[in-house]
Amino acid sequence: QVKADTVSLAKKLEALEVSKLKILGENLGGCSAEELNCLEVNIEKSLRTIRGKKTQVLEQQIANLKEKERMLLKDNEDLRGKQRDLEASLVVPALNCVTPLQPRGQLAPEQEPVPSDEDVETELYIGLPGVRCSNRRSGQAK
């Protein structure tokens with residue numbers, strides 16, 4: 001019984017190997033037209049199955065990418081809202097520092113003209129205020 005099972009399995013294995021070679025397009029010289037048509041039908045069925053699976057995988061990837069896009073757009077909108085809130089909070093303190101408007105014709109206290117009888121120094125000095133006087137005098141002495 002075991003020997004018969006072994007022989008039967010060996011024949012099935014050989015038939016599967018021949019079938020595999022035929023599907024791969026090898027050793028087709030001994031096939032009849034009917035066997036070739038049968039192979040063609042089997043290959044077309046396999047291709048439809050493969051194409052269907054490929055389509056399903058691609059549609060799933062598209063759905064995942066659309067979901068990701070939707071989430072990114074939502075995150076983007078949230079960040080824009082936070083940015084507007086931050087900009088608004090930065091503008092409010094700046095508005096509090098603005099000096100009040102003066103009626104036409106009147107100058108604000110800091111814009112009043114300097115009396116002409118005062119002497120205004122117009123020279124440009126580079127450096128600390130206390131140092132410029134000593135450097136100026138030392139520069140004249142040399």
Any residue meeting side-chain hydrogen bond (donor to acceptor under 3.5 Å, both in side chains) with [X], in chain and number order, not counting sequence neighbours:
{"X": "Gln83", "answer": "Glu87"}
{"X": "Arg84", "answer": "Glu77"}
{"X": "Glu67", "answer": "Arg70"}

Practice task
Taking the side chain as every heavy atom from C-beta outward, state whether Asn42 and Ile23 have any atom pair closer than 4.5 Å.
Solution key: no
Exercise for the section: Indicate yes or no: at least one non-hydrogen side-chain atom of Ser89 is less than 4.5 angstrom from one of Asp85. Expected result: no
Completion exercise
In this structure, CD1 of Ile50 is separated from CD1 of Ile43 (nearest 0.5 Å) by 10.0 Å
Handout entry: Approximate separation, where rounding is to 0.5 Å, of Asn37 CG and Cys31 SG
Key = 11.0 Å
Practice task
Please identify each residue that fulfils side chain to side chain contact (heavy atoms under 4.5 Å, CB included) with Lys20, with sequence neighbours left out.
Solution key: Glu17, Leu24
Practice task
Can you tell me which residue pairs pass the side-chain hydrogen bond (donor to acceptor under 3.5 Å, both in side chains) test with a partner in residues 49-65, sequence neighbours excluded?
Solution key: Gln60-Asn64
Practice task
Could you pull out the closest heavy-atom pair between Val2 and Thr6, with the gap in Å?
Solution key: O-OG1, 2.7 Å
Practice task
State plainly whether the residues Asp78 and Lys74 are in salt-bridge range, i.e. N to O under 4.0 Å.
Solution key: yes
Practice task
Would you mind listing every salt bridge (charged side-chain N to carboxylate O under 4.0 Å, His left out) that reaches into residues 28-47, with sequence neighbours excluded?
Solution key: Lys22-Glu35
Problem - Transitive ILVMFWY side-chain link Leu28 to Val18, under 4.5 Å - result: no
